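Heads up: the structure comes next, in structure tokens.
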2 protein chains.
Amino acid sequence: MRVISKAGEYGLRALLYMVSENGEQEYVNIRDMSEKLDISFHFLTKILQNLTQKGLLRSYRGPNGGVAFLIPPESIYLTDLIKALEGDDFFDKCLLGLPGCGEAQPCPMHNFWKEIKDKLKSEFAHTTLADLGQAIRKQRFRLIP
Amino acid sequence: MRVISKAGEYGLRALLYMVSENGEQEYVNIRDMSEKLDISFHFLTKILQNLTQKGLLRSYRGPNGGVAFLIPPESIYLTDLIKALEGDDFFDKCLLGLPGCGEAQPCPMHNFWKEIKDKLKSEFAHTTLADLGQAIRKQRFRLIP
DNA sequence: AATTTTTAAGATAAAATACTCCTTTATGCA
DNA sequence: TGCATAAAGGAGTATTTTATCTTAAAAATT
């Protein structure tokens with residue numbers, strides 16, 4: 001059960017790196033990050049470009065350039081991040097993939113799945129990137145393989 | 001958030017069709033099913049072949065042949081079906097896809113996600129194909145597009 | 001202005017997933 | 001026995017996702 005795509009994972013991991021591992025320098029170098037996290041530089045570039053276009057990050061070229069948060073990580077909620085990375089319909093899929101399943105004609109698993117999705121949604125809706133970063137530091141979770 | 005692959009969806013839908021739409025005839029014709037459910041015949045064949053090999057279905061060639069349940073749908077639990085369709089590691093993935101996340105070194109979302117997975121698991125572990133079929137009949141859910 | 005460092009963008013390649021086709025084998029029926 | 005039917009099995013194609021390469025453009029340093 002892959003919940004989040006590779007691209008989504010990499011994006012999330014990079015932002016967590018920016019939040020938790022990086023000091024207070026504004027712009028984080030993408031090449032550097034790609035090497036530390038062992039993610040293809042060009043692929044990561046694409047993913048972060050997307051987040052820049054969607055207004056979560058800002059970027060700066062030239063020496064000492066890179067990407068930085070446009071919105072402070074304290075106000076980046078996972079819901080928004082996941083939607084930016086995975087698409088807006090992330091939370092709207094039928095568990096069984098049954099055609100026509102929805103509120104109007106719920107499949108046998110619809111309500112059960114809705115409950116679970118709602119839980120996931122609300123967890124994502126009130127945890128921020130900063131929260132995750134803090135937890136990572138606290139638990140000493142190694143982001144870097 | 002695609003939880004189940006296309007192949008998994010088709011397989012599940014076909015079995016639900018067999019449970020709920022089909023009369024009491026033993027073998028269900030795959031071509032017929034593929035047309036009714038609007039799934040590619042060849043693709044569906046592959047999927048059901050897999051279930052036959054895994055011992056959930058049996059098949060019969062020749063006129064009036066098709067596939068039938070080897071195990072009665074009353075004792076096919078979703079856990080087993082999903083594992084057969086999607087692979088045994090279905091319930092073992094990290095939500096954030098963080099490398100190294102596990103019981104030994106849980107990521108910040110690990111316990112939260114474990115809870116949700118456990119809920120899903122236990123729901124799947126005690127609902128059978130027959131249960132779903134019954135619900136479909138009761139709710140008059142249309143399997144056929 | 002030239003050089004360096006970095007993002008931006010588009011084209012291409014590899015891998016995974018989704019889907020198709022064709023031949024073989026088993027079965028039923030005339 | 002011969003023909004039609006239906007699944008099994010193997011190989012092949014297409015599409016999507018993931019990843020890489022190549023070139024261009026922007027910005028800072030010298």
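Residue numbering restarts at 1 for every chain, and letters A, B, ... go by the order of the sequence lines. Remember, it's a predicted structure, so these values are computed and weren't measured experimentally.
- Between A:Val67 and A:Ser59, the shortest heavy-atom distance links the atoms CG1-CB, 4.0 Å.
- Residues A:Ala14 and A:Leu37 come closest through the heavy atom pair CA-CD1, 3.7 Å.
- For the residue pair B:Gly65 and B:Tyr27, the shortest heavy atom distance occurs at C-CB, 3.9 Å.
- If you take CG of A:Leu48 and P of C:dA8, they are 9 Å apart, rounded to a whole angstrom.
- Atom CG in B:Leu44 sits roughly 16 Å away from atom C1' in D:dG9 (whole-Å rounding).
- Shown here are the side-chain contact (heavy atoms from CB on, under 4.5 Å) partners of B:Lys46, two or more places apart in sequence or in another chain: B:Gln49.
- Nearest heavy atoms, B:Lys121 versus B:Thr79: O-OG1, 4.0 Å.
- Each end of the helix from C:dA1-D:dT30 to C:dA30-D:dT1 yields a helix axis from five base pairs, and these two axes differ in direction by 10° (to the nearest 10 degrees).
- The two residues A:Asn50 and A:Ala84 make their nearest non-hydrogen contact at ND2-O, 3.4 Å.
- Among the protein residues, A:Glu9 comes within range of no part of the nucleic acid, since none of its heavy atoms lies under 4.0 Å from any strand.
- Across all non-hydrogen atoms, the minimal contact from B:Leu143 to B:Tyr17 is CD1-N, 3.6 Å.
- At whole-Å resolution of the value, CZ in A:Arg31 and C1' in D:dT20 are 11 Å apart.
- A:Arg58 is linked by a salt bridge (charged side-chain N to carboxylate O under 4.0 Å, His left out) to A:Glu26, counting only residues two or more places apart in sequence or in another chain.
- Phosphate contact (OP1/OP2 of C:dT7, side-chain N/O of A:Thr45, threshold under 4.0 Å): absent.
- We find that CD1 of B:Ile47 is positioned 14 Å from P of D:dA7, with the value rounded to whole Å.
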For this session: List the steps, then state whether side-chain contact (heavy atoms from CB on, under 4.5 Å) holds for B:Thr52 with B:Leu70.
Result: CA-CA 8 Å; B:Thr52 303; B:Leu70 181 58; over 6 Å; no

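- B:Phe41 has its CZ atom 7 Å from the C1' atom of D:dA7, to the nearest Å.
- In this model, the phosphate group of D:dG9 is approached by a side-chain N or O of B:Gln53 to a distance below 4.0 Å at OP1 or OP2.
- In this structure, B:Gln49 atom CD and C:dT20 atom P are separated by 15 Å, rounded to whole Å.
- The number of heavy-atom neighbours closer than 6.0 Å to CG of B:Asp32, taken from other residues, nucleotides and ligands shown, is above 12.
- No donor-acceptor contact under 3.5 angstrom links the side chains of B:Gln105 and B:His110, judged on distance only.
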Exercise. Base, backbone or nothing for each nucleotide of nucleotides 22-30 of chain C, written B, S, -, heavy atoms under 4.0 angstrom, 5' to 3'?
Worked result: B--BBBS--

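- With sequence neighbours excluded, the residues satisfying side-chain contact (heavy atoms from CB on, under 4.5 Å) with B:Asp80 are B:Tyr77.
- If you take OH of A:Tyr27 and P of D:dA26, they are 17 Å apart, rounded to a whole angstrom.
- Atom CG in B:Asn50 sits about 16 Å away from atom P in C:dC19, given to the nearest Å.
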Polar atoms only, N or O, under 3.5 Å: list the protein pairs with nucleotides 11-18 of chain D and their distances.
residue: D:dA11; atom: N6; partner: B:Lys46; partner atom: NZ; Å: 3.4
residue: D:dT18; atom: OP1; partner: A:Lys6; partner atom: N; Å: 3.3

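- Neither OP1 nor OP2 of C:dT6 sits under 4.0 Å from any side-chain N or O of A:Ser59.
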